[in-house]
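The block underneath contains the structure these notes are about, expressed in structure tokens.
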Amino acid sequence: MFVRQGLHDWNLTPAEAARLQERLAASLSGGRLPSPLRLVAGVDLALSGRDSLVAAAVVWSPADSSVVEVALARKPLSFPYVPGLLSFREAPAALEALAALRSEPDLVIFDGQGIAHPRGLGLAAHLGLWLEVPTVGAAKKRLCGAHRPVRDRRGSKASLFLGGRRVGFVLRTRPGVKPLFVSPGNRIGPAGAARAVLRCCRGFRLPEPTRLAHIAAAMAKRGLSAPEIERKLLS
DNA sequence: GCGACAG
DNA sequence: ATCTTGTCGC
């Protein structure tokens, strides 16, 4: 899919990275949920060995719940894991995998926060600046923000507030399991982000695009080749 | 100083 | 995230 180039460098110090986030957050925009939603991409990464990351991008079709395409990318680790600076660690590999996709998804879901971030620029929001389609963050844990309890029914949600502003929703994608922290990345709003994620859920806690990307990344980590992984996911 | 802290 | 055994439930 189309990915912008050269917005800024990734090899920065933690202090520089935090300052850059505050500056970039100002360029984020809202928007409506694309309709129809034909193809949705999901991205997830896994540690490959002790010094590299493998990113997996899976394109999925909501219409028939089928996998359309899988792309992988492996990059050496160049940034430590620091809460709040996750994008600087995962973005290079994630962007490379997305750029390798032949199809053009209408939306991309990431395993992490969108604008529900201390400086308003979580993984999905940051990466959204390189893409021309809406991005959504669907994290398994809370990074920041406060919310009311969420009822135990599929689709139930509670607004996630940060600094007096609603930055997303805590969404129950499935009864009996912990809710997801959904927040818009770029080119979409909180409601659209939550609707998109719920629309991609098929009985599991995680939306299919991200769930499948997680499986693909885990297989790549174990040494399986891209063709083998795609073959297994397509079946 | 004491918690909280995406993956 | 990753390290790890058994265990509860459909």
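In the text below, chain A, chain B and the rest are named by the order of the sequence lines, each starting its count at 1.
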- Query: Is the closest side-chain donor-acceptor distance between A:T135 and A:R187 under 3.5 Å?
  - Reply: no
- Query: Just checking A:G137: base, sugar-phosphate only, or nothing, at a heavy-atom cut-off of under 4.0 Å?
  - Reply: nothing
- Task: Select base, sugar-phosphate, or nothing to describe what A:L53 touches, counting heavy atoms under 4.0 Å on all strands.
- Result: nothing
- Message: Of the options B:dA4, C:dA1, B:dA6, whose atoms approach the side-chain atoms of A:K140 most closely?
- Response: C:dA1
For atom [atom1] of [X] and atom [atom2] of [N], their distance in whole Å:
X      : N     : atom1 : atom2 : value
A:R89  : C:dT2 : CZ    : C1'   : 11 Å
A:R222 : C:dT2 : CZ    : P     : 13 Å
A:H126 : B:dG7 : NE2   : C1'   : 16 Å
A:L85  : B:dG7 : CG    : C1'   : 12 Å
A:D111 : B:dA6 : CG    : P     : 12 Å
A:L121 : B:dA6 : CG    : P     : 17 Å
A:F181 : B:dG7 : CZ    : P     : 10 Å
A:L171 : B:dA6 : CG    : C1'   : 17 Å

- Query: Hey, is A:Y81 stacking on B:dG7? Ring centres under 5.5 Å, planes under 30°.
  - Reply: yes
- Message: Quick check on C:dA1: is either OP1 or OP2 less than 4.0 Å from any side-chain nitrogen or oxygen of A:K221?
- Response: no
- Short side-chain N/O contact to B:dC5 OP1/OP2 from A:R142, under 4.0 Å: yes
- Task: Using the side chain to side chain contact (heavy atoms under 4.5 Å, CB included) rule, take A:R211 and A:R202 through it: C-alpha gap first, then chi angles, then the decisive distance, then the call.
- Result: CA-CA 10 Å; A:R211 190 180 72 82; A:R202 292 292 184 278; over 6 Å; no
- Message: So, taking the atom named CG in A:L85 and the one named CD in A:Q21, what distance separates them when rounded to the nearest 0.5 Å?
- Response: 5.0 Å
- Does the side chain to side chain contact (heavy atoms under 4.5 Å, CB included) test come out yes or no for A:H147 and A:F181, once each step is laid out? CA-CA 10 Å; A:H147 65 88; A:F181 292 79; 3.9 Å; yes
- Over 60° means perpendicular and under 30° means parallel, so classify the ring planes of A:H8 and A:W130, tilted if in between. perpendicular
